[in-house]
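Okay, so here's the structure we're looking at.
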Amino acid sequence: MSNTIDNLLHEARRFAPTEEFAANAIATADLYERASADRLGFWADQSRDLVHWHTPFTRTLDWSNPPFAKWFDDGELNVAYNCLDRHVLAGNGDRVAIHWEGEPGDSRSITYAELTAEVKKAANLLTSLGIQAGDRVAIYLPMIPEAVIAMLAVARIGAVHSVVFGGFSAESLRSRIDDAEAKLVITADGGWRKGRVFPLKDAVDAALANGESTVEHVLVVKRGENEVAWTAGRDLWWQDEIALVDADHVAKAFPAENPLFILYTSGTTGKPKGILHTSGGYLTQAAFTHKNVFDLHPESDVYWCSADVGWITGHTYVVYGPLANGATQVLYEGTPETPHPGRWWEIIEKYKVSIFYTAPTAIRSFMKIGRQHPQKFDLSSLRVLGSVGEPINPEAWMWYRDVIGGGDTPIVDTWWQTETGAIMVSALPGVTTLKPGSAQVPLPGISIDILDEAGVPVGKDEGGLLVVTEPWPSMLRGIWGDPDRFVETYWSKFGDKYFAGDGARYDMDGEIWLMGRVDDVMNVSGHRLSTAEIESALVAHPLTAEAAVVGAADETTGQAVVAFVIIKQNQLETAESIDVAAELRKHVSQQIGAIARPRDIFIVTELPKTRSGKIMRRLLKDVAEGREVGDTTTLADTAVMSSIQAKLT
Ligand code: 6R9
């Protein structure tokens with residue numbers, strides 16, 4: 001590992017912006033100066049410039065009760081109005097907001113005027129179903145326009161959405177519904193994925209089957225045309241109901257700190273955390289970063305972020321950032337390889353996409369299948385490329401720039417988290433000289449440092465833990481229903497500084513390189529998974545006595561889930577007669593979702609533990625990655641590792 005880091009930090013390639021790019025760039029170097037001269041004044045200016053305030057704010061930040069921040073808190077706004085009506089009123093109603101591309105090849109382009117009209121109706125529909133400001137609405141939809149419409153309709157009436165990724169299981173959906181006490185679920189009959197319809201309504205039915213829930217209605221968008229069961233009185237077809245409501249809806253202003261959404265993400269324990277974001281600060285930083293990091297020229301650019309709205313990247317860079325900025329964007333329902341491995345590139349050619357934002361894991365899988373696929377399409381419209389979700393290795397970075405970007409397209413590697421709400425560390429494409437593999441510099445107005453375990457800032461060429469040292473507008477406002485966990489998780493390690501859970505290093509130029517998670521959170525294809533959550537799913541299976549999960553390095557997905565499982569004594573016979581690994585993988589899929597399914601399951605008879613009974617995952621990781629096993633002296637029984645290795649070979 002230290003070898004790899006050394007190689008990374010001696011990466012010598014540099015790419016300065018071209019003169020032409022720099023001359024036309026939205027972001028200029030003076031942003032850094034303005035922000036460092038007066039950080040809060042800078043954010044206040046950005047907010048006034050980029051956001052429409054029904055009632056202007058007079059206070060920028062209230063940090064009197066840390067870590068509970070309030071931004072712009074005496075101001076009032078309507079987030080959906082900012083994403084819709086104001087563009088129409090400014091004369092841009094005919095601009096396309098969304099070029100939607102369904103996986104089977106159907107498509108639909110929706111202008112800002114049309115999107116505004118749809119959201120107004122949906123807002124009336126939600127109100128007619130009894131949803132009021134502050135109520136929680138779960139959204140479990142494929143990547144169809146209604147996902148965006150539903151989110152904005154919830155925001156428009158001051159309610160709170162909790163989008164649950166369509167790949168999550170019924171169980172995961174239920175625990176999120178219960179935690180947020182959602183009154184309404186918005187779903188679809190099914191969506192298209194890999195050439196087939198995957199049922200969503202079935203999962204909602206299963207989620208709501210056991211015991212009383214807070215859900216009063218299930219609104220179902222017709223998309224997959226698959227057959228669904230129906231609970232009269234509870235279930236309603238979206239298309240039928242929308243046709244009945246009033247088309248007019250006046251957006252009311254809500255306080256800046258009104259909750260906008262909850263998004264669940266994996267932490268170090270078995271229970272996902274409901275990350276809470278509010279309105280004014282979130283929208284400010286979403287719009288600012290989207291405009292400046294991607295160099296958005298809304299009149300001419302076509303932007304595409306390939307993330308699902310079920311993740312934070314989809315919230316901030318499919319919905320709120322681009323729509324607040326009046327961008328034209330592509331929304332694609334399906335998978336990159338359906339019906340052919342060039343599908344994404346075909347879409348870029350078709351809509352002349354100029355800004356493209358995706359994850360390193362996708363880039364690496366395209367590298368694997370070869371450049372002949374993208375080379376069949378005209379990608380010359382691309383002028384900015386973005387990366388998010390995990391560190392991008394210099395090799396993938398270069399491939400992205402050369403093969404997708406035609407050799408001269410800047411790449412912004414953007415570091416941020418569900419908790420940070422928006423991009424925190426990234427180059428600015430018209431300003432920064434790019435360095436493959438490094439996220440480089442904090443954005444203007446963002447204060448980042450790298451500390452050692454004792455909380456002392458490290459120097460150039462040194463590594464430590466990434467922290468945010470000052471509050472920022474789009475920061476999480478807490479964990480839903482659990483203020484103590486919020487304080488404990490992010491603020492107990494360094495007191496007044498936000499601890500991100502990532503390791504990082506400064507290089508010789510003082511620029512930032514992300515080194516991966518330092519806790520029990522894995523990053524698989526850019527998705528966060530908790531070792532504890534998968535372990536608890538595994539031990540919930542009747543065959544399993546004990547389980548330990550590690551994230552092992554994987555060439556394509558960054559990390560892969562590898563599980564070590566001990567079978568119960570009295571189940572050994574049953575285990576002999578079936579494919580245990582297949583059974584357990586299926587079980588994890590059902591409990592959490594297919595993304596959490598272990599790549600490898602090793603059946604062992606013992607797990608390496610310390611004398612105090614803690615599983616030493618570090619050693620299992622060595623095994624899973626095929627390395628020599630590290631220091632075993634703190635194990636209660638030092639013979640365990642050789643017995644595990646003997647089992648595997
Ligand atoms: C936006 C998002 C957050 C975790 C984060 C870090 C990793 C994200 C990264 C990156 C290196 C980047 N991460 N972007 N690591 N370079 N450009 O992905 O949010 O799903 O909450 O994950 O992802 O480890 O802590 P989220």
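Just follow the structure's listing: the first ligand is 1, and inside any ligand the first atom is 1. The model shown is predicted, which means the values in this text are computed figures rather than measured ones.
- Remark: Lys273 does not engage Asp179 in a salt bridge, criterion side-chain N to carboxylate O under 4.0 Å.
- For atom 23 (O) of ligand 1, the nearest non-hydrogen atom from the set Gly389, Gly526, Gly421 comes from Gly389.
- Of the protein's heavy atoms, Glu390 O, 3.5 Å lies nearest to atom 12 (C) of ligand 1.
- Here the rule is ring-ring contact (aromatic ring centres under 6.0 Å, His included) with Phe68, and of Phe486, Tyr490, Trp491 only Phe486 fits it.
- Of all atoms in ligand 1, listed by their number and element, those nearer than 4.0 Å to a heavy atom of Asn523 are 7 (C), 23 (O).
- Side chains of Pro429 and Phe21 form a contact here, defined as non-hydrogen atoms less than 4.5 Å apart.
- Summarising the geometry of Met151 relative to His161, their closest heavy-atom pair is O-CD2, 3.5 Å, with the distance given to 0.1 Å.
- Taking the six-membered ring for Trp and thresholds of 30 and 60 degrees, His277 and Phe261 have ring planes inclined between 30 and 60 degrees apart.
- Given atom 22 (O) of ligand 1, the protein heavy atom at minimum distance is Arg528 CD, 3.0 Å.
- The atoms of ligand 1 that sit less than 4.0 Å from any heavy atom of Val388 are 1 (C).
- Here the heavy atom of the protein found nearest to atom 2 (C) of ligand 1 is Trp416 O, 3.7 Å.
- Between Tyr498 and Trp472, the gap from one ring centroid to the other is short of 6.0 Å.
- The shortest heavy-atom distance from Trp311 to ligand 1 is not under 4.0 Å.
- At least one N/O-N/O distance between Thr414 and ligand 1 falls below 3.5 Å.
- Geometrically, ligand 1 and Asp413 share a nitrogen or oxygen pair separated by less than 3.5 Å.
- For the side-chain hydrogen bond (donor to acceptor under 3.5 Å, both in side chains) with Asp554, the qualifying choice from Arg364, Arg599, Gln559 is Arg599, the only one to do so.
- Residue Val425 does not touch ligand 1, judged by heavy-atom distances below 4.0 Å.
- Residue, atom and distance of the protein heavy atom nearest to atom 5 (C) of ligand 1 are Asp502 OD2, 3.1 Å.
- The shortest heavy-atom distance from Pro391 to ligand 1 is under 4.0 Å.
- Ring-centre distance between Trp304 and Trp344: below the 6.0 Å cut-off.
- Ligand 1 has no nitrogen or oxygen under 3.5 angstrom from a nitrogen or oxygen of Ser387.
- Side chains of Phe356 and Phe294 form no contact here, defined as non-hydrogen atoms less than 4.5 Å apart.
- Contacts between Thr418 and ligand 1, counted as non-hydrogen atom pairs separated by less than 4.0 Å, involve both the backbone and the side chain.
- Two residues are said to be in side-chain contact when any heavy atoms from C-beta on lie closer than 4.5 Å; Thr469 and Phe494 fail this criterion.
- At a 3.5 angstrom cut-off on N or O pairs, Thr313 does not count as close to ligand 1.
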